[in-house]
Student: 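Sharing a structure below in structure tokens format, with a few things to ask.
Numbered from 1 within each chain, the chains take letters A, B, ... in sequence-line order.
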2 protein chains.
Amino acid sequence: MALSNVAERTTSTDLIFDSLYERIVSLELLPGTKISETEVAKSLGYSRQPVREAFTRLANLNLLLIRPQRATLVRPFSLELIADARFMRLAIELEVVRQAAAIPVPGAVKKLRSSIKAQREAVNTGDTQAFHDLDYEFHKLMCEAAGRPAAFQIISENKAQVDRLCVLSLTSPETMETLFADHVAILEAMMDHNALRAEEVLRQHLSRLDPVIDAIYTTHRAYFEH
Amino acid sequence: MALSNVAERTTSTDLIFDSLYERIVSLELLPGTKISETEVAKSLGYSRQPVREAFTRLANLNLLLIRPQRATLVRPFSLELIADARFMRLAIELEVVRQAAAIPVPGAVKKLRSSIKAQREAVNTGDTQAFHDLDYEFHKLMCEAAGRPAAFQIISENKAQVDRLCVLSLTSPETMETLFADHVAILEAMMDHNALRAEEVLRQHLSRLDPVIDAIYTTHRAYFEH
DNA sequence: ACGCCAAAACTTGTATACTAGTCAACCTGA
DNA sequence: TCAGGTTGACTAGTATACAAGTTTTGGCGT
């Protein structure tokens with residue numbers, strides 16, 4: 001995952017962070033679960049210190065909620081936080097596609113095209129997992145095409161907040177086809193240097209999660225705040 | 001300053017963080033300065049532990065550069081990091097003004113108007129410090145007007161990267177007037193629900209730093225990476 | 001004088017002990 | 001039976017000791 005900034009060396013903290021991150025985003029650790037520094041330290045075979053630092057990082061990503069002297073929880077879903085995260089992602093990605101449409105970085109279009117090809121494959125075979133991975137990569141490539149690879153780190157951090165929620169909803173073949181069509185349209189607009197069109201499609205693309213989130217809110221309210 | 005997420009209690013770490021943050025952004029601690037956990041701990045009268053956590057936070061904001069087993073530096077300026085930070089701010093603030101222009105939060109316009117009034121006062125009296133503070137507040141109010149107060153936290157984090165650089169350049173009365181005029185224009189466009197115009201002015205507003213940064217790069221290259 | 005090597009004086013990473021605050025269960029009294 | 005207070009078992013925050021790695025420095029040999 002390597003969310004760490006400039007990992008000049010892999011520390012225990014990094015390993016613990018990655019392990020917990022995975023488990024939280026995959027919902028192996030459910031929202032609201034109490035999680036203790038001591039317990040994690042014991043179970044992973046480290047001391048409290050690196051666990052503590054990993055906790056701090058995860059809390060900064062709004063994945064843990066540290067209540068001093070009380071307990072630390074896997075942060076419950078929050079409509080507010082989710083809305084903020086989605087806003088941030090939308091804002092950044094809009095500017096990304098605008099700049100990518102204006103002056104795409106040389107070579108980027110080729111990579112995007114080949115990603116599209118792989119996506120088509122995944123759609124045809126109905127391989128949702130592969131499509132999910134390719135989706136991740138596509139948006140990353142888009143940032144690179146805009147000359148702002150660092151932007152993807154922020155997008156990714158905000159995605160996490162939403163991704164762990166979407167684990168609760170199945171990706172149907174139809175959804176996959178729709179998302180794929182969006183990607184194609186975005187790339188086409190970008191290659192036409194049509195920033196406005198790219199913007200428009202991207203907005204629609206990201207808003208497709210609206211009903212999904214609403215649905216999960218009604219079916220899994222126990223995992224939400226309050 | 002209170003950059004901490006949900007400060008339910010003020011800890012030593014918080015105090016140390018705030019202290020260092022202030023000193024770094026004000027350039028009391030120059031880029032490239034070596035800074036040691038032990039030294040800071042001794043000088044502030046704490047143990048290494050909370051200092052260490054404060055270091056971690058500052059490193060996440062790209063204000064410190066921790067080189068394991070080697071040393072920790074006040075992070076030198078980096079054109080790359082500055083460009084990324086400015087991109088992020090631009091992206092977020094563009095969407096902010098768009099949404100504020102579309103459906104401003106009730107009551108927000110009034111606050112913005114009164115901020116403008118105070119800014120005019122500062123411009124007339126030539127009080128650059130007051131104007132700087134009001135500028136900070138204006139952009140914060142804009143986020144509130146868009147219904148996304150959390151967005152300002154991100155903007156603020158990215159501003160820090162640039163602000164400590166701009167300490168090196170004097171704010172002339174002419175600059176102040178220009179920035180003020182921009183603010184007025186943004187608010188007017190917003191009140192007219194003219195998102196495109198607001199966007200346009202904002203882009204120009206934020207790009208006014210271009211020559212300032214270029215100038216500092218030539219005059220203070222020693223503070224930059226490499 | 002110069003180059004190399006070794007040791008000492010740093011650095012941050014990790015482990016552990018201790019402090020202080022919070023909560024829940026249980027006991028005591030009515 | 002129930003209300004209230006005390007106690008103990010948690011929690012995270014802090015201090016300190018130790019480990020592991022890097023840099024600097026100084027001395028030795030050439």
Side-chain angles (χ1 to χ4, degrees), chain A residues 2-21 24 29-76 226, chain B residues 2-21 24 29-76 226:
Chain A
L3 282 181
S4 41
N5 258 349
V6 193
E8 315 209 0
R9 192 173 81 133
T10 302
T11 69
S12 318
T13 303
D14 295 326
L15 298 174
I16 299 168
F17 174 86
D18 288 347
S19 161
L20 288 175
Y21 184 92
I24 292 172
L29 289 171
L30 289 171
T33 307
K34 193 174 81 176
I35 177 176
S36 130
E37 293 179 1
T38 316
E39 271 181 40
V40 173
K42 233 187 304 181
S43 82
L44 293 183
Y46 294 96
S47 77
R48 259 187 66 209
Q49 203 49 50
V51 173
R52 183 175 169 69
E53 302 192 3
F55 272 33
T56 306
R57 285 197 211 166
L58 291 163
N60 284 337
L61 297 178
N62 286 321
L63 292 176
L64 287 187
L65 183 61
I66 300 176
R67 297 187 303 172
Q69 253 83 25
R70 233 161 287 192
T72 295
L73 309 179
V74 176
R75 185 141 195 174
H226 293 174
Chain B
L3 281 181
S4 42
N5 258 350
V6 193
E8 316 208 2
R9 192 172 82 134
T10 302
T11 70
S12 318
T13 303
D14 295 326
L15 298 174
I16 299 168
F17 174 87
D18 288 347
S19 161
L20 289 174
Y21 184 91
I24 293 172
L29 289 171
L30 289 171
T33 307
K34 193 173 82 176
I35 177 176
S36 129
E37 293 179 1
T38 316
E39 272 181 39
V40 173
K42 235 187 302 182
S43 81
L44 293 184
Y46 293 96
S47 78
R48 261 187 64 209
Q49 203 48 51
V51 173
R52 184 175 169 69
E53 301 192 3
F55 272 34
T56 306
R57 285 197 212 166
L58 291 163
N60 284 338
L61 297 178
N62 285 322
L63 292 176
L64 286 186
L65 184 61
I66 299 176
R67 296 187 304 172
Q69 255 84 26
R70 231 160 286 193
T72 295
L73 309 178
V74 177
R75 186 143 193 170
H226 291 177

Student: Quick one: do B:Asp18 and B:Arg57 make a salt bridge, cutoff under 4.0 Å?
Tutor: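 B:Arg57 and B:Asp18: not salt-bridged.
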
Student: Name the nucleic acid region contacted by B:Ile35, choosing base, sugar-phosphate or nothing; use a 4.0 angstrom heavy-atom cut-off, strictly under.
Tutor: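 The residue B:Ile35 makes sugar-phosphate contact but no base contact.
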
Student: Report the residues that fulfil side-chain hydrogen bond (donor to acceptor under 3.5 Å, both in side chains) with A:Gln69, sequence neighbours left out, ordered by chain and then residue number.
Tutor: B:Arg9

Student: Of all the nucleotides listed (C:dG13, D:dT14, D:dT11), which has the minimum atom distance to the side chain of B:Pro50?
Tutor: D:dT14

Student: Would one find a side-chain N or O of A:Ser12 under 4.0 angstrom from OP1 or OP2 of C:dT14?
Tutor: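 True: A:Ser12 side-chain N/O within range (under 4.0 Å) of C:dT14 OP1/OP2.
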
Student: Quick one: which of D:dT11, D:dT14, C:dA15 gets closest to the side chain of A:Glu39?
Tutor: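 Shortest atom-to-atom distance from the side chain points to D:dT11.
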
Student: Could you state the CD-P distance from B:Glu53 to D:dA15, rounded to the nearest angstrom?
Tutor: 11 Å

Student: Please report the closest heavy-atom contact between B:Leu64 and B:Val74, naming both atoms and the distance.
Tutor: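 B:Leu64 and B:Val74 have their closest heavy atoms at CD2-CA, 3.8 Å.
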
Student: For A:Phe17 and C:dG13, give me the distance from atom CZ to atom P, rounded to whole Å.
Tutor: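 Nearest whole value for this atom pair: 16 Å.
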
Student: What is the distance, rounded to the nearest whole Å, between atom NZ of A:Lys42 and atom P of C:dT16?
Tutor: 13 Å

Student: Given atom CD of A:Glu37 and atom C1' of C:dC18, what is their separation to the nearest angstrom?
Tutor: 15 Å

Student: Counting just side-chain N and O atoms, does A:Thr11 come under 4.0 Å of either OP1 or OP2 of C:dT12?
Tutor: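 The answer is no; no side-chain N or O of A:Thr11 sits under 4.0 Å from OP1 or OP2.
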
Student: Rounding to a whole Å, what distance do you find between B:Arg52:CZ and D:dG13:P?
Tutor: 15 Å

Student: Is the base of D:dG13 touched by the side chain of A:Arg48 through a donor-acceptor pair closer than 3.5 angstrom?
Tutor: yes

Student: Is the phosphate of D:dT22, meaning OP1 or OP2, less than 4.0 Å from a side-chain N or O of B:Arg67?
Tutor: no

Student: Using the side-chain contact (heavy atoms from CB on, under 4.5 Å) criterion, which residues pair with B:Ser47? Sequence neighbours excluded.
Tutor: B:Gln49, B:Pro50

Student: What's the closest nucleotide to the B:Ile66 side chain, out of D:dA15, C:dG13, D:dG13?
Tutor: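 So the nucleotide nearest the side chain must be C:dG13.
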
Student: Can you list the residues that meet the side-chain contact (heavy atoms from CB on, under 4.5 Å) rule with B:Leu44, with sequence neighbours excluded?
Tutor: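 Counting only residues at least two positions away or on another chain, B:Leu44 forms a side-chain contact (heavy atoms from CB on, under 4.5 Å) with B:Ile16, B:Ser19, B:Val40, B:Tyr46.
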
Student: Nearest of C:dA15, C:dG13, D:dA12 to any side-chain atom of A:Gln49?
Tutor: C:dA15

Student: Got a sec, which residues hit side-chain hydrogen bond (donor to acceptor under 3.5 Å, both in side chains) with A:Ser36, two or more places apart in sequence or on another chain?
Tutor: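 Partners of A:Ser36 by the side-chain hydrogen bond (donor to acceptor under 3.5 Å, both in side chains) criterion come out as none, since no residue qualifies.
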
Student: Listed by chain and number, what are the side-chain hydrogen bond (donor to acceptor under 3.5 Å, both in side chains) partners of A:Glu53, not counting sequence neighbours?
Tutor: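 Result, side-chain hydrogen bond (donor to acceptor under 3.5 Å, both in side chains) vs A:Glu53: B:Arg52.
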
Student: Which distance, rounded to the nearest 0.5 Å, do you find between the CD1 of A:Ile24 and the CG of A:Leu61?
Tutor: 9.0 Å

Student: Any side-chain N or O of A:Thr13 below 4.0 angstrom from OP1/OP2 of C:dG13?
Tutor: no

Student: Please figure out whether A:Ala71 or B:Gly45 has its closest DNA chain D nucleotide nearer the 5' end.
Tutor: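 Here A:Ala71 is the residue nearer the 5' end.
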
Student: Check the distance between D:dT22's P and B:Leu73's CG and give it to me in whole angstrom.
Tutor: 16 Å

Student: Using atom CD1 of B:Ile16 as one end and atom P of D:dG13 as the other, report the distance to the nearest whole Å.
Tutor: 13 Å

Student: Give the B/S/- string for nucleotides 5-10 of chain D, one per nucleotide from 5' to 3', where a protein heavy atom under 4.0 Å of the base yields B, of only the sugar-phosphate yields S, and otherwise -.
Tutor: ------

